[in-house]
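Worth knowing before you read on, the calculation uses all heavy atoms, side chains too, and leaves out hydrogens, waters and symmetry mates. Atoms within a ligand are numbered from 1 in the order they appear, just like the ligands themselves.
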Amino acid sequence: MVRRIQPEPFRIKMVEPVSIPDKAQREEALKRGHFNLFGLRSEDVYIDLLTDSGTGAMSKQQWAALMRGDEAYAGATSFYALKEAVKDILGFDYVIPCHQGRAAENVTFGALVKPGDRIPFNMPFDTTRAHIFNVGAEPVDCVIDEAYDPAKYHPFKGNVDIAKLEKAIQTYGVERIPLIMVTITNNSGGGQPVSLANLREVRKVADKYGIPLFLDAARMAENAYFIKTREEACKDMSVAEILKACMDCADAITVSAKKDPLVNIGGLVCTRTEDLYYKILPRVILFEGFATYGGLAGRDLECLAQGLREMVQEDYLSHRIAQVAYLGDLLDEAGVPFVKPTGGHAIFIDAAAFLPHIPQKYYPADVLGVEVYREGAVRGIGLGALAFATEDEATGEIVYPKLELFRLAINRRTYTNSHMEYVAETIINVYKRRDSIRYGLKVDFAPAAKGLHHFLAHLSPVSL
Ligand SMILES: *Cc1c(COP(=O)(O)O)cnc(C)c1O
């Protein structure tokens, strides 16, 4: 029997009560938070889909692992449990724990990238982009053109356009390109996967020019699951085998363990060679902690080791992807425009198509976020002009991003399918009254930090 709803492959052992704040409380919360959803408190929110980062529920085995945590400063048994899990699941010999993904980026880029460098990418995630700017370098987007067309179906919209990659290398020169990086799945482009065939092509280019290939592997298990279901050549492989094959393409990876590895805090840098390991390690000691804990408690390392093993379980992955797809189906039936096909961890609503009457300079993705919160105390995040617009240094002109998206990130093992129905109903109610949404947002305050606007901006409505 084909079921529309794939039932949860877990039962709930501990309950965290949540409630819907009333209308007046929601209005008050919006004002208090300066119309920036990052400014809301958790208790202001009923269903919190701001991010799937560190917000998942742990398994009973992970809670048990916490108790096994060895808090030794150097050489903790929990570090060796992590190292073993990395070797088994990902195949890397050298493991550097970090407190989260951006810490892995900080130590990696700080060690390997110099001012003026260029880093070819499919597309960098927002913190990754900000970290590249922070060391005076710039990313070069080389994702396939289909990534920029939200309505267009392509099974691997996160793929690197090999011609664009070659062109970037020829334009900037090998000496200015310390590494190539591929984000799997491509979060900023809608959680879209990268095929194994594409990763192997990128590997060939990396070999041809002698440039190391890094993966930003926060969502590597979901990426592997998509490969299994969409890439003909891999359909008989297990997710674990596919994941290993993807990792085999890379010289190193940076990981936010708060995503697929199923922990509330943690990150990793894994390298193939000792040489790369020792290049990065001094910065870890400087910014994170000693080599065998990297800013994490021993119990966190132990938990992460268990999470890495759980993330490739196929019943878990197939429910997760089906749950996101279920929310997508409900929205699709009502005509709500979003990035197709549905990606791994989130629905990315096309705010430009949802609110076409609001010019991009008034941040339609963020207006949509405010309205969805107003409607049902559901929190998502705007990923459009507020997050990604840049100023052209030569002309001073604002360069707007091609996509104006509002993301609903689904926390792992946390919400039920009936929560998804509530979210769909909330969005659909806003969609029905979209023509009456006649205001934009303006920035009243933002810190002078490139790429970090959207986290901290104070906004206020302006009627249009
Ligand atoms: C979340 C994420 C990061 C940053 O990781 P944090 O743990 O939030 O610091 C980097 N890259 C990708 C693709 C991510 O999804």
[X] and [Y] ion-paired at < 4.0 Å:
X	Y	value
Glu310	Arg413	yes
Asp145	Lys164	yes
Asp48	Arg379	yes

Which residue and heavy atom of the protein sit nearest [atom], plus the separation:
atom	value
atom 8 (O) of ligand 1	Arg102 NH2, 2.9 Å
atom 11 (N) of ligand 1	Asp216 OD2, 2.6 Å
atom 5 (O) of ligand 1	Ser256 CB, 3.2 Å
atom 15 (O) of ligand 1	Arg219 NH1, 2.5 Å

In terms of atom number and element, which parts of ligand 1 are under 4.0 angstrom from non-hydrogen atoms of [X]?
X	answer
Lys259	1 (C), 2 (C), 3 (C), 5 (O), 14 (C), 15 (O)
Ser53	8 (O)
Thr128	10 (C), 11 (N)
Thr183	13 (C)
Thr127	3 (C), 4 (C), 10 (C)
Gly101	5 (O), 6 (P), 7 (O), 9 (O)
Asn187	15 (O)
Glu105	10 (C), 11 (N)

Using a 6.0 Å distance limit plus a 45 degree cone around the ring axis, check whether Lys157 lies over the aromatic ring of Phe348.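 The answer is no, since Lys157 fails at least one limit relative to Phe348.
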
Can the positive tip of Arg272 be found less than 6.0 Å from the middle of the six-membered ring of Phe92, inside 45° of the ring normal?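 Yes, cation above the ring, under 6.0 Å and within 45°.
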
Between Lys258 and ligand 1, which residue portion shows a heavy-atom distance shorter than 4.0 Å: side chain, backbone, both, or neither?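 Just the side chain.
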
Just say parallel, tilted or perpendicular for the rings of His454 and Phe38, cut-offs at 30° and 60°.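 Correct class here is perpendicular.
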
Could you check whether the rings of His458 and His34 sit parallel, tilted or perpendicular, using 30° and 60° as the cut-offs? parallel

4.5 Å side-chain heavy-atom contact, Trp63 and Leu66: yes

What I want to know is whether Gln100 and ligand 1 share at least one N or O pair that is separated by under 3.5 angstrom. yes

Glu71 side chain vs Arg299 backbone, donor-acceptor pair below 3.5 Å: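 A pair under 3.5 Å: yes.
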
